Protein chains: 2
Amino acid sequence: MTIDDAPRDALRGGPRELLRWVATGAAVSRADLSRLSGLSPSTVSQRVEALISQGLLEEAGAGRSRGGRRPRQLAVPTGGAVVGAIDLGAHHARVGTLDLSGRVVKARTLPVRIEDGPEAVLGALLAEVATLVGSAPAAGDGAVAGGSAGGALRGVGIGIPGPVQHSTGRIVSPSRMPGWNGFDVAAFCAGRVDVPVIVDNDANLMALGAHRTAHSELDHAVYIKAGTGIGSGVIASGRLHRGAQGSAGDISHCRVVADPAPPCTCGNAGCLEAVASGAALVTALREQGVPVSDLTGVIRLIDDGDRQATALARQAGRAVGEILAVVVNFFNPQVVAIGGRLADCEPLLASMRATLYERCLPLATQTLLIERVAAGQDVGITGAAHLVIDHVVAAA
Amino acid sequence: MTIDDAPRDALRGGPRELLRWVATGAAVSRADLSRLSGLSPSTVSQRVEALISQGLLEEAGAGRSRGGRRPRQLAVPTGGAVVGAIDLGAHHARVGTLDLSGRVVKARTLPVRIEDGPEAVLGALLAEVATLVGSAPAAGDGAVAGGSAGGALRGVGIGIPGPVQHSTGRIVSPSRMPGWNGFDVAAFCAGRVDVPVIVDNDANLMALGAHRTAHSELDHAVYIKAGTGIGSGVIASGRLHRGAQGSAGDISHCRVVADPAPPCTCGNAGCLEAVASGAALVTALREQGVPVSDLTGVIRLIDDGDRQATALARQAGRAVGEILAVVVNFFNPQVVAIGGRLADCEPLLASMRATLYERCLPLATQTLLIERVAAGQDVGITGAAHLVIDHVVAAA
DNA sequence: CTCACTTCCTTCGACTACAAAACTAAGTCA
DNA sequence: TGACTTAGTTTTGTAGTCGAAGGAAGTGAG
């Protein structure tokens, strides 16, 4: 199955956007939607009708008058259709269901062991999605509502912490996922759930989620995901930029100056990932004789002001900043935001900022926002859901 | 005056594209256009009719039959409307007129002295455009044909070898253009010609020209212009990516590893421009006691196999490759092409290639084309013309 | 209470862009 | 001569959008 990118109407006044405005409370009535979208009242009325008849929207009584006729309030049906989303990480996965406007309905975090292999891991996570939806997703059973309303599962989005060919749903030479290389996630899932399954890189999904949540008015944005690994997602002209092979944003093996250059899992040395990823920090601290077991421990050390850990965090921040400087000069985004577990690590953020301001064209940093990704632990599943919704609501 | 980007129909079957297909010989008849564009025959007929009535296209007799009715051949009228284009370089400027399909009608290269300042330089170049068109462009005279056909000037596109705010036509802190900082090119020109003037960075125009000429079917492309200075232009999803401030592609002040790090005109040291630009090569060779006066001399030395010059060229290639590696990983283009006078310099190209293949994700380089920009000395004005045509034909 | 006015929403006619089908035109080939 | 092929036009239809007009349902001044 090849999956197209979001069609153009995802951007301006499309059904998804109307839905989102209603769900976020930005719009309550048809008139609100008309004002927000710039579409004529007649067009909005028509589209709202279509959404209502699909069960994606419902009327919810009359609102307060503002000096004239009372608006007929719109709402996203509670208990309506949902999409499932899985944001797989190195040690944990966030699994959730979201309504068709992209709001989280239920979500929980599960521990996972990547090394158990794709079948076991994905099987368990899909089962969890089914549990959250409240019905077993065995192939062929009644879990899928063809078209109309009801608490049915409409699709599943999955984020993978490694290179994914979005178009085919296949994993390509991941560096920290032994046993997953070449695994066809989409095909595997197609055998377990009979709704569309969309697979993408976790950083891409974070980017999409963060952009739709916090920066939907900005055209060009770069999101860095710094956790156990390090990656990035790119929004160009309001859309997720995947590039030719779908590997856009994969900066993990860009070389940075580091002395000594630490060896990377990819076989090279001095890769960004070998210097600035959570895994790299753990390794480096251990080599310095500091007994840490995982990233959580490292972050605790940094928060406690440990000298060695802080120095490493600064070095990591510089490394990220170095690569990001090239990216900012080249791409000239309106915002660079950093997410992932290392994003809350002040020294890293500070030296990344400093490096960026030092190394970029003044013109490029003049109005550049450098932020933390705001949306918290649900950005990933939010992005995944948006991807699925864009794909699923379009077909309706 | 703020200038929008090319409207969307520039991409699929828009009037400009039809025009281009006819001009390039890709299409000769309406049926050809229908096949190429994917539009229905009726739609094509309709559009062609519109173009003919605007004088942008004409019928040119019957063609050879291919087993059925003979096609009514289409052609771009000779002596029809043109646009002017100026590709300003450090020492020379390419000035030309092009028909509305983007084909060069006349062109010539003029020596320029940037340090004479914008008024003198641009004044002379605009005068040259007027000469090529065959009528004086004094404000208010009859040089501009309002709508219909005729050898009238419809617009002028100008490429500047430094940072330009495309939207306003203003130059922003150029490093090698003393006296040009903050100069409002668009406003200046508006006082001399009464047709639209569009200003952009020279690398952007090269990118646009090269993409439209050689890679129009590719979505994502990066073009490096390595001449006296060094810059790049980016095509994302088939359109020129300018970024937030319009400074996208400006990689000239990205830092590269170099020992010793040569000082840059921007005040920093180790900038790509200070290592890999033509100007840098001249400076470095002189410092080594080699008597070269300009880039031409350097290129001659390299072609002759001079040891010092070749070593510098290799170093330059590595530097470009280093930055480009980050760009390729991040952006994942289908093609990277290098143009400008240094593009013909084998050692540079070779070590750039080597560095790229060494430092990029295999996934990203797997199908990546690494090429020379093909279109020769007219790429710049071609790109400029396309920009103007996209702006002008839309209004028709 | 009445009436002017506001806000909300729908209905209807029109326009645009495109496509599909039917048709005309003009050739080839057996 | 007639079947077939290719080229292009005309007609008709459809989808999406807008604008104007108007009905529905309220507010507030007199």
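Letters go in sequence order (proteins before strands), and every chain restarts at 1. None of these values were measured; they are calculated from a predicted model.
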### Summary
Here the distance between atom P of C:dA17 and atom CG of B:Leu18, to the nearest Å, is 14 Å
### Query
Is there a donor-acceptor contact under 3.5 Å from the side chain of B:His220 to the main chain of B:Ser237?
yes
### Task
Decide yes or no on salt bridge (Lys or Arg N to Asp or Glu O under 4.0 Å) for B:Arg30 and B:Glu49, but give the supporting numbers first.
CA-CA 10 Å; B:Arg30 292 163 175 82; B:Glu49 183 132 7; over 6 Å; no
### Message
Using a 4.0 Å heavy-atom cut-off, does A:Arg64 contact any base of the nucleic acid, only the sugar-phosphate backbone, or nothing at all?
### Response
nothing
### Task
Using whole Å, report how far CD of A:Glu59 lies from C1' of C:dC8.
12 Å
### Query
Given that A:Gly38 and B:Arg72 both sit by DNA chain D, which one's nearest nucleotide is further toward the 5' end?
B:Arg72
### Message
Could you report the tightest heavy-atom contact between A:Leu36 and A:Ala26, atom names first, then the distance?
### Response
CD1-O, 3.7 Å
### Message
So, does A:Thr43 get its side chain near the phosphate of D:dT17, meaning an N or O under 4.0 Å from OP1 or OP2?
### Response
no
### Query
Looking at the side chain of B:Ala31, which of D:dG8, D:dC18, C:dC18 is the nearest nucleotide?
D:dG8
### Query
Can you list the steps and then say if A:Leu100 with A:Val83 is a side-chain contact (heavy atoms from CB on, under 4.5 Å)?
CA-CA 7 Å; A:Leu100 293 185; A:Val83 298; 3.7 Å; yes
### Interatomic distance where CD belongs to B:Gln73 and P belongs to D:dT6 [whole Å]
18 Å
### Query
What integer distance in Å separates B:Gln46:CD from D:dG13:C1'?
14 Å
### Task
Would you kindly give the CG-to-P distance between B:Leu39 and D:dG8, to the nearest whole Å?
15 Å
### Interatomic distance where CZ belongs to B:Arg35 and P belongs to C:dA19 [whole Å]
16 Å
#### Entry: d(CZ, A:Arg30; C1', D:dA25) in whole Å
14 Å
### Task
Could you tell me whether the side chain of A:Ser42 has a donor or acceptor atom within less than 3.5 Å of a complementary atom in the base of D:dG19?
yes
### Task
Check whether any side-chain heavy atom of A:Leu74 lies under 4.5 Å from a side-chain heavy atom of A:Val28, and answer yes or no.
no
### Query
Which listed nucleotide (D:dC18, C:dC9, D:dT17) is nearest to the side chain of A:Arg47?
D:dT17
### Message
Using side-chain contact (heavy atoms from CB on, under 4.5 Å), reason through B:Val388 and B:Arg154 one step at a time and then give a plain yes or no.
### Response
CA-CA 8 Å; B:Val388 175; B:Arg154 300 289 188 100; 5.8 Å; no
### Task
Apply the test salt bridge (Lys or Arg N to Asp or Glu O under 4.0 Å) to residues A:Asp390 and A:Arg212: give CA-CA distance (whole Å), side-chain angles for both, the deciding distance (0.1 Å), then the verdict.
CA-CA 12 Å; A:Asp390 285 352; A:Arg212 295 277 174 96; 2.7 Å; yes
Just the table, please: protein N/O against nucleotides 27-30 of chain C N/O, every pair under 3.5 Å.
| unit_1 | atom_1 | unit_2 | atom_2 | d |
| --- | --- | --- | --- | --- |
| C:dG27 | OP1 | B:Arg70 | NE | 3.2 |
| C:dG27 | OP1 | B:Arg70 | NH1 | 3.4 |
| C:dG27 | OP1 | B:Arg70 | NH2 | 2.2 |
| C:dG27 | N2 | B:Gly67 | O | 3.2 |

